Amino acid sequence: MKKILFALLALVNFSCNHSFVVATLNNRNVYKTKANLPMKKAYQENRPSADQRDFTIAPNSVPSVTKTITTITTSPSSDTEPSQITKTVVVSTIPETKTTTTISKAKADPPSNATTTLVTTGYSVPATQSTNDFIRYKVVADEGDFKYVKVLPGCSFEETSPSNTNIIFNSSKIAKKENPEDYIFKVSKKDLSPNTHYLASSALIGKVITLPVRVRNEYWNSNNKILQGTLSIGYGFGWKYKLGNNPYKPHYLTTILYAAGISQQKHFSIGGKDITTGKDSISAKTDEIAVTYLSFGLAYEFDKFNIGIFGGKDKMFGNLDNWAYQDKWWWGIGIGYDLFK
């Protein structure tokens with residue numbers, strides 16, 4: 001038991017070094033997007049933004065789709081012009097950051113007696129993503145059909161033209177007059193999907209915890225280990241880390257740094273030595289409530305299934321403070337559905 005508790009404590013302490021805690025607190029309620037996410041400017045310095053263009057978070061690894069619309073119009077001859085074919089090609093990107101239009105004309109052979117139009121639309125197929133690039137943003141408000149977000153530092157407006165409203169990584173690291181983090185953006189919930197809105201690697205949490213199974217050490221009985229089933233409920237504080245960057249695989253590691261709660265326990269105390277057996281005698285057992293004043297642990301979460309291992313200490317008060325397990329370490333396993341969410 002001591003080895004298990006020591007391992008738990010070492011992992012918790014590792015995740016609690018100063019720089020890690022500061023980084024995690026700064027990343028509270030942060031989400032990632034690996035795909036293009038459209039949004040509009042909402043506020044700048046607590047004032048409504050006058051810029052109502054459509055902006056797009058565009059991670060570098062997500063290429064734009066090219067849309068090509070080709071219109072071929074064949075017109076009959078007129079008093080001034082012979083029958084001719086007019087070909088118009090409009091090439092644009094999705095999201096729309098660049099549009100080019102070309103028009104060409106040629107004499108129709110054979111001539112046409114009526115006007116005909118043929119329109120075709122084609123799309124390019126982007127290459128497979130070669131990196132795990134993503135852009136992080138913080139959700140600052142949730143109102144109706146929209147979420148209000150703040151893009152975290154490290155990004156910039158691409159601004160290759162007035163129509164280019166992409167928000168990309170600032171790979172040059174050159175400070176600009178205007179940056180995405182200066183604004184609050186409005187995002188429609190219908191544009192959110194697992195690929196554009198998934199939890200970042202860490203987020204501060206506070207969750208209800210239940211531990212139906214505990215292992216205790218009978219120190220008065222040659223340190224015999226017993227498995228104890230009990231009703232318990234507690235509240236824990238800690239951090240939640242996403243494992244990997246695949247938005248469609250919700251694997252998380254939860255570190256509960258501190259938890260407290262109550263549980264139903266059998267109260268008994270240790271008396272003198274039994275003359276017959278030479279072992280410590282115990283008093284009659286009664287059902288009482290114990291307070292878990294110290295607990296910590298780790299849990300693995302996949303979708304809504306959770307399994308975790310915890311360690312802690314319990315205490316009873318008043319005339320029950322002679323409880324055999326008073327202030328003694330235990331470790332337990334929590335298994336459940338939607339246990340920590």
Side-chain angles (χ1 to χ4, degrees), residues 1-18 20-21 24-25 201-243 251-270 280 282 285 287-302 304-317 320-341:
M1 184 187 298
K2 289 182 179 180
K3 291 182 179 179
I4 293 175
L5 292 175
F6 178 78
L8 277 174
L9 187 59
L11 286 170
V12 169
N13 285 337
F14 172 77
S15 67
C16 286
N17 66 76
H18 179 265
F20 187 90
V21 170
T24 303
L25 289 174
S201 295
S202 58
L204 185 66
I205 61 170
K207 296 298 180 184
V208 175
I209 300 171
T210 178
L211 296 167
V213 178
R214 303 187 190 202
V215 176
R216 293 189 183 272
N217 184 26
E218 293 183 331
Y219 64 90
W220 66 90
N221 185 21
S222 302
N223 289 319
N224 181 50
K225 307 296 187 295
I226 64 165
L227 188 65
Q228 180 189 64
T230 181
L231 295 176
S232 68
I233 189 170
Y235 199 78
F237 300 87
W239 284 270
K240 182 175 180 178
Y241 321 95
K242 189 175 191 322
L243 302 176
H251 298 267
Y252 297 95
L253 178 66
T254 301
T255 303
I256 301 297
L257 305 179
Y258 178 78
I262 59 175
S263 62
Q264 184 181 35
Q265 300 288 340
K266 294 288 186 180
H267 172 270
F268 61 94
S269 59
I270 306 302
D280 291 323
I282 61 175
K285 296 182 179 181
D287 290 323
E288 305 291 349
I289 298 296
V291 174
T292 300
Y293 65 92
L294 172 63
S295 181
F296 55 86
L298 296 172
Y300 168 74
E301 176 184 323
F302 174 72
K304 293 184 179 181
F305 175 77
N306 303 264
I307 182 169
I309 182 169
F310 294 81
K313 291 183 178 183
D314 296 337
K315 180 187 286 291
M316 292 186 183
F317 296 90
L320 302 175
D321 62 1
N322 61 346
W323 182 35
Y325 294 122
Q326 188 85 341
D327 301 320
K328 302 296 183 183
W329 285 106
W330 52 261
W331 67 274
I333 297 176
I335 301 175
Y337 181 80
D338 203 19
L339 190 59
F340 305 113
K341 295 186 95 171

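Nothing here was measured: the structure is a model prediction, and the numbers come from that model.
From Phe310, atom CZ reaches atom CG of Leu298 across 8.0 Å, with rounding to the nearest 0.5 Å. Note that CG of Asn217 and OG of Ser222 are 10.0 Å apart. Values are rounded to the nearest 0.5 Å. Between atom CD1 of residue Ile226 and atom CZ of residue Arg214 there is a gap of 12.0 Å, rounded to the nearest 0.5 Å. Interatomic distance, CD1 of Ile270 versus CG of Asn322, reported as 9.5 Å (0.5 Å rounding). Ile289 contributes atom CD1, which lies 7.0 Å from atom OG of Ser263 (distance to the nearest 0.5 angstrom). Distance check: Tyr235 OH to Ile262 CD1 gives 15.5 Å after rounding to the nearest 0.5 Å.
Looking at every heavy atom in both residues, Gln326 comes nearest to Leu320 through OE1-O, 4.5 Å. Across all non-hydrogen atoms, the minimal contact from Gly236 to Ala259 is CA-CB, 3.7 Å. Trp330 approaches Leu211 most closely through the heavy-atom pair CH2-CD1, 3.5 Å. Of all heavy-atom pairs spanning Phe317 and Val291, the tightest one is CE1-CG2, 3.9 Å.
Looking at heavy atoms from C-beta onward, Tyr300 lies out of side-chain contact with Thr254 at the 4.5 angstrom threshold. Side-chain contact between Trp329 and Lys313 is present, with heavy atoms from C-beta onward closer than 4.5 Å.
Under the rule for a side chain to side chain donor-acceptor pair (under 3.5 Å), the partners of Thr292 that lie at least two apart in sequence or sit in another chain are Asp314. For Asn221, the side-chain contact (heavy atoms from CB on, under 4.5 Å) test picks out Glu218, Asn224, Lys279, with sequence neighbours left out. Lys266 pairs by the salt bridge (charged side-chain N to carboxylate O under 4.0 Å, His left out) definition with Asp287, not counting sequence neighbours. The side chain to side chain donor-acceptor pair (under 3.5 Å) test applied to Gln228 returns Arg216, Gln265, not counting sequence neighbours. In this structure, the ring-ring contact (aromatic ring centres under 6.0 Å, His included) partners of Phe268, at least two apart in sequence or on a different chain, are Trp220, Tyr325.
Within the structure, every pair that satisfies the salt bridge (Lys or Arg N to Asp or Glu O under 4.0 Å) test and touches residues 323-333, not counting sequence neighbours, is listed here: Lys315-Asp327.
Within the 3.5 Å criterion, the main-chain N or O of Ile233 finds no donor-acceptor partner in the side chain of Thr210.
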